[in-house]
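What follows is a short report on a single structure.
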There are 2 protein chains.
Amino acid sequence: MAEPPSKNVITIRDVAGLAGVSQMTVSKVMRNVGNISATTRNKVLNAARELGYVPNSLAQSLSSRRSRLVAVIIPSMADVVFSEVLSGVNSVLKTQGLQTFIGESHFEPETEMELMRTMLSFQPAGLLLNGGMVRNPEGGELLRKRACPAIQLWDCEENDLDFAAGPSHEEAGRMVAERFLAQGVSRIAYIGTELEKDLCAKRRYLALRARLAEEGITLVTRNSESMPRQAVSGRVLAEQLLAEHPDIQAIHFLNDAMALGGLSYLHEVGVQVPEGVSVIGFNGTSIANTVRTRLTTVDVPRTAIGEIAARALLDLVGRKASPSFWRAPLSLVEGNTTPAIR
Amino acid sequence: MAEPPSKNVITIRDVAGLAGVSQMTVSKVMRNVGNISATTRNKVLNAARELGYVPNSLAQSLSSRRSRLVAVIIPSMADVVFSEVLSGVNSVLKTQGLQTFIGESHFEPETEMELMRTMLSFQPAGLLLNGGMVRNPEGGELLRKRACPAIQLWDCEENDLDFAAGPSHEEAGRMVAERFLAQGVSRIAYIGTELEKDLCAKRRYLALRARLAEEGITLVTRNSESMPRQAVSGRVLAEQLLAEHPDIQAIHFLNDAMALGGLSYLHEVGVQVPEGVSVIGFNGTSIANTVRTRLTTVDVPRTAIGEIAARALLDLVGRKASPSFWRAPLSLVEGNTTPAIR
DNA sequence: GCATGAATTGTTATCGATACCATTCAATTA
DNA sequence: TAATTGAATGGTATCGATAACAATTCATGC
């Protein structure tokens, strides 16, 4: 832990002293509660201003047992998806004076546990997290004991918490399957990374595979548990995939960035898109539209998910509510990496 | 503020009761300080585990006057640049058990002020922020009174705080100027957004303009204070720019995303890149390499900036240090949106 | 068998604020 | 006029922990 600050900080006591009133009065003025005469009020405000008084939120929370911190646990901030969800969360919370504080789990269960414990120790007013943790027995235990509302983010298939906001990943997987089926291809592949860790991505993948299986199609899979979820990995995995399965007609990528990486490889080796191979991404990130490519992708309203989750939290704070959820609408954005449907 | 939690939480007192020791002993065991016999230690740990005790960090910090929170203020989390810097910060801080908490300023001075006040009220162990605020008189006042180390992020031209980590934006502007000059173009334009708010971007812009002016070249500028810093804006602004200045030979964009947007317009209207117009972006984000385009751009080590800043903070915590800085290395990444230099 | 210092454990005050209730005093009501 | 009311202010305990020191236990050696 950090060393104690050297400077002597201004407390409510100093303000009270300068203003010639009790600490209680200062406290009331600062919080705008109770009946305070205009005269006293001004005396206090002037004293506070003069001393540069800033209330100690730690002491406030400890004393009042109310917190202004909201804990958010996401897999990674460097991922556009989560940083945009986070941005949505933050934009709503800050209107109510709530402070977001963040932990990155990198999809690692131990890190998630550690984070949850740490974050709960700050007595947050609420907790937003991915669903994965809930299923972890130790995590479930902590969550059950929690003293604040908890909301599931980005995953909305099952909801064991007070609210959930996110798309149906199964629906997303099926949407992609339907799109490929509609255009009549049968040699279909999936390219992704960290599928064993990212349960949401896995759910999409499984739904895609299941729907194709219904039509007697076996999905070819290329997954790496160690590569980053970026363009370069899409490129490398596409290369590997085509080396083994040169006759593939369609590829669904874990996300848009990887799809673009894959496209760059396809272009390089002269494969026509969408004539030779069609490609669908996931997320609908702004990069989906690059210079000559408009990637066909599944658009997810990321910021809206964050906003809805945060608004639900505001509703829940201090109340007991029955589990509920918001399923984010998904839409297939048609680009030029898939052919027109017959 | 949130309502108080209904559940009765487990405190150190409960653990002490169950273990049959004093609260002080529990406190020492939990923190691993002082001399505690193995027997007592185990009794306490078992009791803590049994009750599911989680220490209250708020009370800890209030009592010990040490904090585990580090406040970070960035313009936007949805911007790759800052989310990657943040990711670097976080990766270092979490190794020391420090918790990052974040505020988004959206480049608005009032928001920045408000945020600074709020965040300082949590008695953070450290503060990481953009340089802009330091120059704001009211913000400067708050910063001078701060009881914790403060570090400037993403901006390193002048340093009024304890440390600064970021690139030299002036150098970046000059690098772009030199590149264009080397290839012999003279009708050069800059496309950006929010230049009045983003002082770092403005610095790059001014440096580019100044260097060109030395060669007698007048930089054509297209700036929008209201558009988002995304591909679509680059597209729109490029269209406007070319309508007024059809003879432009080179464009520097505020960031890579906008450059890609601009490229998509150029491609659409049949302008050859780099033969007709050459393009340079900024940041070196992963999207710079898209399907057929390898954008020439200035690469900035974003994650490293965050890491270096965080490491500096760890060093500074609890010490008085003289102002210092780390200037991030910049490199011009040659893509195929600029012609080879003669 | 007893002093002695080290190893353990406990007591009390405090961190900076708020909850809850008591008090003061002027204005209103019966 | 006395009683009631309500606005304005203040006193005390407390939130959950730690700092600083005090008190106790416990092996030792002589």
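Here is how names work: the chains are called A, B, and so on, in the same order as the sequence lines, proteins then strands, and each is numbered from 1. These values consider heavy atoms only, across backbone and side chains, with no hydrogens, waters or symmetry-generated copies.
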Exercise for review: Report, as a single string ordered 5' to 3', how protein heavy atoms within less than 4.0 Å touch nucleotides 23-29 of chain C: B base, S sugar-phosphate only, - not at all.
Suggested key: -------

Revision key, fill the gap. For residues 17-41 of chain A, the ring pair (Phe, Tyr, Trp, His ring centres under 6.0 Å) pairs (sequence neighbours left out) are none

Practice item. Flag yes if more than 12 heavy atoms outside A/E114 fall under 6.0 Å of its CD atom; otherwise flag no. Key: no

Study note, to complete from the structure: So ring pair (Phe, Tyr, Trp, His ring centres under 6.0 Å) across residues 72-126 of chain B, not counting sequence neighbours, yields B/F82-B/W154, B/F101-B/F122

Review point. With A/L153, which of A/L127, A/L161, A/I305 fulfils side chain to side chain contact (heavy atoms under 4.5 Å, CB included)?
Key: A/I305

Review point. When rounded to the nearest 0.5 angstrom, what is the spacing between CD in B/Q123 and CG in A/L58?
Key: 6.0 Å

Point to revise | N/O donor-acceptor pair under 3.5 Å between A/D14 side chain and A/T11 backbone | key: yes

Exercise for review: Take the protein atom CD1 of A/I10 and the nucleotide atom P of C/dC15, then report the distance between them rounded to whole Å.
Suggested key: 14 Å

Revision key, fill the gap. Contacts satisfying side chain to side chain donor-acceptor pair (under 3.5 Å) that involve residues 77-86 of chain B (not counting sequence neighbours) are B/E84-B/R302

Review point. Nearest-Å distance, CZ (B/R66) to P (D/dA17)?
Key: 17 Å

Practice item. Round to a whole Å and report the spacing from CG of A/L62 to P of C/dA19. Key: 12 Å

Review point. Are there more than 12 heavy atoms of other residues, nucleotides or ligands under 6.0 Å from atom CZ of A/R13?
Key: no

For nucleotides 8-12 of chain D, list the nitrogen or oxygen atoms of the protein found under 3.5 Å from its nitrogen or oxygen atoms, one pair per line.
residue : atom : partner : partner atom : Å
D/dT9   : OP1  : A/S37   : OG           : 3.1
D/dT9   : OP1  : A/T40   : OG1          : 2.3
D/dT9   : OP2  : A/S37   : N            : 2.8
D/dT9   : OP2  : A/S37   : OG           : 3.3
D/dT9   : OP2  : A/T40   : OG1          : 3.1
D/dG10  : OP2  : A/S22   : N            : 2.9
D/dG10  : OP2  : A/S22   : OG           : 3.3
D/dG10  : OP2  : A/T25   : OG1          : 2.6
D/dG10  : O6   : A/K28   : NZ           : 2.9

Practice item. Rounded off to whole Å, could you give me the CZ-to-C1' distance for the A/F122 and D/dA17 pair? Key: 13 Å

Practice item. Rounded to the nearest angstrom, tell me the gap between atom CZ in B/R65 and atom P in D/dA19. Key: 8 Å

Point to revise | For atom CD of A/Q60 and atom C1' of D/dC15, their distance in whole Å | key: 13 Å

Practice item. Determine: side-chain N/O of B/R31 to OP1/OP2 of D/dA19, distance under 4.0 Å, yes or no. Key: yes

Practice item. With sequence neighbours excluded, tell me which residues meet salt bridge (Lys or Arg N to Asp or Glu O under 4.0 Å) with A/E50. Key: none

Check your understanding: D/dA17 C1' sits how many Å from B/D14 CG, rounded?
Key -> 13 Å

Check your understanding: Between atom CG in A/L120 and atom P in D/dG16, what is the gap in whole Å?
Key -> 16 Å

